[in-house]
Amino acid sequence: MHRCRRWKASYLYTLMKCFYSSSVSEDLGCRRGEFSRKHYGSVELLISSDADGAIQRAGRFRVENGSSGEVNYTPGTWHRTDVHLENPEYHTRWYFKYFLGKVHQNYIGTDAEKNPFFLSVVLSDQNNQRVPQYHAILWRKTGTQKICLPYSPTKTLSVKSILSAMSLDKFEKSPREIFHPEIQKDLLVLEEQEGSVNFKFGILYAKDGQLTDDEMFSNEMGSESFQRFLHLLGDTVTLKGWTGYRGGLDTKNDTTGIFSIYTVFQGHEIMFHVSTMLPYSRENKQQVERKRHIGNDIVTIVFQEGEESSPAFKPSMIRSHFTHIFALVRYNKQNDSYRLKIFSEESVPLFGPPLPSPPVFTNHQEFRDFLLVKLINGEKATLETPTFSQKRQRTLDMLIRSLYQDLMPDLHKNMLNRRSFSDVLPESPKSTRKKEEARQAEFVRLGQALKLKTTVKGDATANLATTSFCKKEPWESQSFCSNFPHEVVCADSWGQSLLVSTDAGILLIDDGQPSVQVFDKTLQVKQMHVLETLDLLIARTDKGKDSRLLVFRLSAVQKDIETKQIIRSKYDCRENKLERTKGCHLYAINTHHGSELRIVVAIRNKLLLVTKKYNPCNSLTSSSLLSSSESPVEEFQYIREICLSDPPVVMTLVDGPTGDSDNMICVAYRHQFDLVNESTGESYRLHHVETNKVNFVAAIDVYEDGEAGLLLCYNYVCQYRKVHPFNGGSPLIQPSAYDFHFSWNQVPYAVVCAFPYILAFTTDSIEIRLVVNGNLVHTAVVPELQLVASKSDIYFKATAAVSGSCDSSSKEMSSRSSPQTPTAYEMPESPLSSLEGEVPCKNLYKIPLSNLVGRSIERPLKSPLAPKVITTTISSGTPSLPVTHSLSLSRMEIKEIASRTRKELLGLLDEPIPKTETAQKQKKAPRRQSDPKQGAVRSTSSDR
């Protein structure tokens, strides 16, 4: 009884708070569907002039200075959680991570345009999570395409089906399997064309008042604050005899200076080209030797002395056609802070993380991490510009054709398999089994040796081999309900509780409290929305011809829970049925219902538009709060009926800027997405899918700076299309410069947008990317995953045996005995409990929306659409994200491990491996376990 009174008080408080002001959850809900490119700067024409005022150079650059017209926050008061490496190598270098040193198959063929291609396929266990998957890589001149395919013990997978999933159905020559183990070395070279795992950045020191590159490059020494900045970035190393990554510097004869700055950040070796450490010439005023290195760096840091009021640096001051990104750093002695400003050449795609407002850092370690992540992401983004992508494509095309020609003479020999569309992992005949086993053993031996050589040489990130200290990520989940025994059909959040439709009926679940039965199992709810501000519960029940749309007052449902008078059955809901909705298979509501609630109900190929006027005063009267038992059916009115050519599979409502005759409905059916005008019923083709088989996932309405757009998700593709209303509501849907698309690694069944992230859910993983550019941030392996609800916080169901890891980037966590030692990522942990034949229990987990949205950008976006509440829920499931504990290893320790690993592979090592000093330190560190009672469950995505 005490719990009921507490729940009632909480419920009434929530309703009153919704009436007087927008709640925190509503504000976050508004922001999750809103995003803006303004956080990533604006393009400006920058002109530099000499001392006489004559124009020297001009260029168009995107300028990021952390201001977007919103209120600035006090420096040091924000705590960022969205500082991530984009497309990290430990998630993108698939061939090195999943294929090399393991039994896999490689195929060669030519497409319909006679362009050669290579296909690599491996069956692997995702991070020892007992989730077998096929990883496939398609190598073509345009780049590489990577996908994951589910493994089924009863269904074999053919090469033809894999290529069909990659939209490659026609061939000039069918694929043939390559048996020769040396092919691994060639494919590793192809993967290295994606970009270097190590980086070289320029650092240019500029005194106050210096406005030309000749003046800046002529500085022989830097100030004390500049020296502190260099010490913050990395360690001073002696170049002569240096065996690590050298970044083009001379390590034999001191021709490029005696010392330099070097560090390792999240497994990436970084060598800095420091202007004051490069050779200085008194005779050569242009300092050609210094410009030869810094001028050929893609990214350059400019450390400028002087006050904020002094003339600022402009990229047009530097004569370089190669440098695309400049990071301007200023140091303020008064408050011991750094200010950052980023200049990116106009053609460079957007990259994160966005700068805070103001872009001032009082925590020096946070500044270092932010700066290095920004620079690494910037160089990766620059490689996608036409200047670099065309060169990379020509190189890749040349390598693939050369490799194809080398293999052509063996087409009719035993090196190539005569089976073109065999099973991916076929059983060898008994007569040749021994020979095949010997070939596979040699294949694996050569691959392991190649992997070891690549790691020791430094051409692979340490993240692919080791781990690092744990860092809290915004997508980390919390335990919500342990040992949940029921099958979940759909759900929606109700305040801090969760209303769940299960095989046992409708349950209300609260964190740490026993579940409460709301409806019995005779009412089978397939889709639901809880609208707290409207005091409504909307549900689609049953299936087929018997399906109907029901509407309830939340206050009436809450009263039943308080008094425990009745557990409603299907028979008790007769008065809650909406007319004309019999036989409906899908419905959608407008996510930003300001003046009215709009519902579109799909009954086969017919759309029924229903509205409910929103009157906040009436919704909170005493009758509706306390004693309203009458059904709200009478408050809904039927507007019109729209006929389509086919039944819709996906349906989303898009709000127009005025809400008067310009609202639209996005529907997906057959091979297309269409936009339907709500007022006229006219339909317009939005996008046509050019594939044989289409798996529609979602159409998510998002609003960029108040303008409507759609994220269209189908198969492996997610495409953003901006919609511009004109001509009385007919949408302009031609492709524009704002449109973009990217591909998931695995076909999702649900997609959730929470700016700056977009999350794709599969049956065993969560793939997390950035909305603005589609770059991969993290992949979490979560066995038996089911997304439950995503209106506000994200709820999912998964097995309890989920452990995880994350990486660390702070320089403090590195060993100071050697120059910035590599950090490691991804030590897999075996499941906590999974005995043979044991059925693992499942828990409900929650990812707080405030972690994803609230702390990601500390400059909230102003929503142009009155009070908004996100009410769309996806009825499927999601898992928990992992976290790995990591070690910080020195170069000598890595070599020691590599040496011992080689001996193990050759069978020369029998004695146990002694623990390193760093490992002993790691053992002393407290280890955070994923305990259902304690809460945190984190994502794993790692390999030993």
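Just so you know, these numbers use all the heavy atoms, side chains as well, and skip hydrogens, waters and symmetry mates. Because the structure is predicted, anything quoted here is derived from the model rather than measured.
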Classify the angle between the aromatic ring planes of F480 and Y795 as parallel (below 30°), tilted (30 to 60°) or perpendicular (above 60°).
-> perpendicular
Could you tell me whether the side chain of K146 reaches within less than 4.5 Å of the side chain of H135, counting heavy atoms only?
-> no
Mind checking what makes side-chain hydrogen bond (donor to acceptor under 3.5 Å, both in side chains) contact with N715, not counting sequence neighbours?
-> none
Taking the side chain from R392 and the backbone from T142, do they hold a donor-acceptor pair closer than 3.5 Å?
-> no
Taking only residues two or more places apart in sequence or in another chain, which ones pass side-chain contact (heavy atoms from CB on, under 4.5 Å) with K380?
-> E89, F199, I376
Side-chain contact, heavy-atom cut-off 4.5 Å: E476 with I847?
-> no
Side-chain heavy atoms of Y134 within contact of C148, under 4.5 Å = no
Of all the heavy-atom pairs spanning T799 and E784, show the shortest one and how long it is.
-> CG2-OE2, 3.3 Å
Shortest non-hydrogen pair, A699 vs V650, comes out as N-CG1, 3.6 Å
Take I758 and V752 through the test side chain to side chain contact (heavy atoms under 4.5 Å, CB included) and record every step on the way to the result.
-> CA-CA 6 Å; I758 181 169; V752 177; over 6 Å; no
pair P783-T763: side-chain heavy atoms closer than 4.5 Å | no
Would you sort out whether E86 and N773 count as a side chain to side chain donor-acceptor pair (under 3.5 Å), showing the intermediate values?
-> CA-CA 10 Å; E86 299 174 12; N773 53 23; 3.2 Å; yes
Stepwise side chain to side chain contact (heavy atoms under 4.5 Å, CB included) test for L138 and L168 | CA-CA 10 Å; L138 180 63; L168 184 58; 4.2 Å; yes
So, do H104 and Y98 sit near enough that their side-chain heavy atoms are less than 4.5 Å apart?
-> no
Hey, does the side chain of E191 reach the backbone of W94 with a donor-acceptor pair shorter than 3.5 angstrom?
-> yes
Parallel, tilted or perpendicular for Y95 and W139, by the 30°/60° rule?
-> perpendicular
Mind listing the closest non-hydrogen atom pair of A750 and V697 along with its distance?
-> N-CG1, 3.9 Å
Can you name the residues that form a side-chain contact (heavy atoms from CB on, under 4.5 Å) with D674, not counting sequence neighbours?
-> V667, Y669, Q672, R685
Do the charged groups of R140 and D111 touch, with an N to O distance under 4.0 Å?
-> yes
Distance, nearest 0.5 Å, that separates CG of L776 from CZ of R769 = 4.5 Å
Answer whether the closest heavy-atom distance between the side chains of L710 and L686 falls below 4.5 Å.
-> yes
With side chains defined as the heavy atoms from C-beta onward, is the minimum distance between L498 and V788 less than 4.5 Å?
-> yes
Which heavy atom of Q527 sits nearest a heavy atom of C490, and at what distance?
-> N-SG, 3.5 Å
Does some side-chain heavy atom of N106 sit less than 4.5 Å from a side-chain heavy atom of L119?
-> no
If you measure from CD1 on I162 to CD1 on I147, what distance do you get to the nearest 0.5 Å?
-> 7.0 Å
How long is the gap from CD on Q746 to CD on Q133, to the nearest 0.5 Å?
-> 4.5 Å
Donor-acceptor contact present, side-chain Q719 to main-chain F742, <3.5 Å = no
If only atom types and distance count, is the side chain of N377 paired as donor or acceptor with the main-chain N or O of L85 below 3.5 Å?
-> no
Just by modelled atom types, is the N692 backbone N or O under 3.5 Å from a matching donor or acceptor in the H671 side chain?
-> yes
Could I get the full list of side-chain hydrogen bond (donor to acceptor under 3.5 Å, both in side chains) partners for T691, not counting sequence neighbours?
-> none
Audit row: R62, L350, side chain to side chain contact (heavy atoms under 4.5 Å, CB included) steps and yes/no | CA-CA 9 Å; R62 181 183 298 107; L350 298 180; 3.3 Å; yes
Where the side chain of K374 meets the backbone of P353, is there a donor-acceptor pair that is under 3.5 Å apart?
-> yes
How are the rings of Y757 and W475 set relative to one another: parallel (under 30°), tilted (30 to 60°) or perpendicular (over 60°)?
-> perpendicular
When you measure from the side chain of D793 to the backbone N and O of L849, does any donor-acceptor pair fall under 3.5 Å?
-> yes
Looking only at non-hydrogen atoms, find the nearest pair between C718 and W744 and report the distance.
-> CB-NE1, 3.6 Å
Under the side-chain contact (heavy atoms from CB on, under 4.5 Å) test, which residues partner P349, sequence neighbours left out?
-> A381, E384, T385
Yes or no on side chain to side chain donor-acceptor pair (under 3.5 Å) for N843 and S479, after CA distance, side-chain angles and deciding distance?
-> CA-CA 7 Å; N843 299 337; S479 178; 5.1 Å; no
Rounded to the nearest 0.5 Å, what separation is found between the CD1 atom of I768 and the CG atom of L759?
-> 5.0 Å
Centroid-centroid distance, F673 to H688, less than 6.0 Å = no
Minimum-distance pair of heavy atoms, taken over all atoms of T762 and P748 = CG2-CA, 4.0 Å
How long is the gap from OG1 on T144 to CG on L187, to the nearest 0.5 Å?
-> 11.5 Å
Side-chain donor or acceptor of H268 paired with backbone N/O of V197 under 3.5 Å = yes
K160 vs D169, salt bridge (charged side-chain N to carboxylate O under 4.0 Å, His left out): CA-CA, chis, key distance, verdict = CA-CA 8 Å; K160 185 176 182 179; D169 299 303; over 6 Å; no
Are the aromatic ring centres of H84 and H778 under 6.0 angstrom apart?
-> no
Row check, Y845 ring normal vs K797 NZ/CZ: under 6.0 Å, within 45° = no
Counting N and O atoms only, with roles assigned by atom type, does the side chain of S161 sit under 3.5 Å from a partner on the main chain of S158, one being a donor and the other an acceptor?
-> yes
Starting at OH of Y587, measure out to NZ of K526 and round the result to the nearest 0.5 Å.
-> 14.0 Å
Heavy-atom donor-acceptor pair, K791 side chain to S493 backbone, under 3.5 Å | yes
Which residues share a side-chain contact (heavy atoms from CB on, under 4.5 Å) with A602, sequence neighbours left out | H585, L586, L607, P648, M651
Candidate pair D701 and C666, rule side chain to side chain contact (heavy atoms under 4.5 Å, CB included), full reasoning = CA-CA 9 Å; D701 60 320; C666 178; over 6 Å; no
